[in-house]
Structure formats: C-alpha cells, structure tokens
Amino acid sequence: MFCPSYKGQKFYVDQPAVRDGNLITGSVTGSLEWAKLIIEKLGVFKPETLEAWFAYFSTGKPEHFFALMQSVQR
C-alpha cells in the first residue's frame, strides 16, 4: 500500500519480534520481546532469570520481581 514496489512480503513474519540466526528484528510494539531475544542470544542471563525478567517487565507484578531476584542469587 505505501510501497507498491516492495518485494519482501514472503519474508514477513507477523510477530512483535523475531530471530533468525544472528538477525534479530522487531516492530515498535515489540521492543520488550526484541530485547528478550537479544539478551537470550547473547547469553546474558540463565533461562530462568530471563523468563523472570520478561515476566516482571511485561506485567510489572511484584511476584515476578522477587522471582527475578531469587534467580540471580542461585
């Protein structure tokens, strides 16, 4: 519609953020998911810490903050 000569439709994935190998991309609305994929790819956190981090920042619920803190101390 906005770019009639665009030829990349077959590569489009209808997700807020996606990773394919070393390529990580996302939409404006997928910034948290995008950050999660980057952190996961870089191996910054253990899987349980990453899940607690994502749960806390996607919901703001205090129980996820405590789970995050506990996962870092293990």
Side-chain angles (χ1 to χ4, degrees):
M1 184 167 121
F2 295 109
C3 195
S5 60
Y6 178 69
K7 303 290 185 219
Q9 296 90 338
K10 65 182 176 181
F11 301 110
Y12 179 76
V13 177
D14 190 18
Q15 296 291 320
V18 294
R19 181 179 77 199
D20 183 15
N22 290 327
L23 175 66
I24 302 172
T25 189
S27 69
V28 173
T29 61
S31 58
L32 186 61
E33 291 87 349
W34 177 75
K36 182 183 180 203
L37 290 173
I38 292 171
I39 291 168
E40 181 178 47
K41 178 67 178 170
L42 294 175
V44 174
F45 295 146
K46 299 177 292 187
E48 61 269 17
T49 302
L50 180 58
E51 290 308 314
W53 175 90
F54 185 76
Y56 177 62
F57 284 100
S58 61
T59 67
K61 293 184 177 180
E63 60 265 26
H64 298 302
F65 174 77
F66 295 119
L68 174 60
M69 292 299 102
Q70 288 178 337
S71 73
V72 174
Q73 295 176 3
R74 291 185 201 159

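All of these numbers come straight from a predicted model, not from anything done at the bench. Starting from 1, each residue takes its place in the sequence as its number.
- In terms of heavy atoms, Val72 sits closest to Thr49 at CG2-CG2, 3.9 Å.
- The two residues Asn22 and Lys41 have their closest heavy-atom pair at OD1-CE, 2.9 Å.
- One hydrophobic cluster, built from ILVMFWY side chains closer than 4.5 Å, cannot hold both Leu23 and Trp34; they sit in different ones.
- Checked against Gln9 for a side chain to side chain contact (heavy atoms under 4.5 Å, CB included), the options Tyr6, Phe11, Tyr12 give a single hit: Tyr6.
- To the nearest 0.5 Å, atom CD of residue Gln15 and atom CD of residue Glu33 are 9.0 Å apart.
- Within the 3.5 Å criterion, the main-chain N or O of Ser71 finds a donor-acceptor partner in the side chain of Lys46.
- In Phe45, the CZ atom is crowded: over 12 heavy atoms of neighbouring residues, nucleotides or ligands sit closer than 6.0 Å.
- You'll find the side chain of Thr25 reaches within 4.5 Å of the side chain of Val18, heavy atoms only.
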Under 3.5 Å, sequence neighbours excluded: what are the donor-acceptor pairs made by side chains of residues 50-59?
residue : atom : partner : partner atom : Å
Glu51   : OE2  : Lys36   : NZ           : 3.2
Ser58   : OG   : Phe54   : O            : 2.7
Ser58   : OG   : Ala55   : O            : 3.4
Thr59   : OG1  : Ala55   : O            : 2.7
Thr59   : OG1  : Lys61   : N            : 3.2

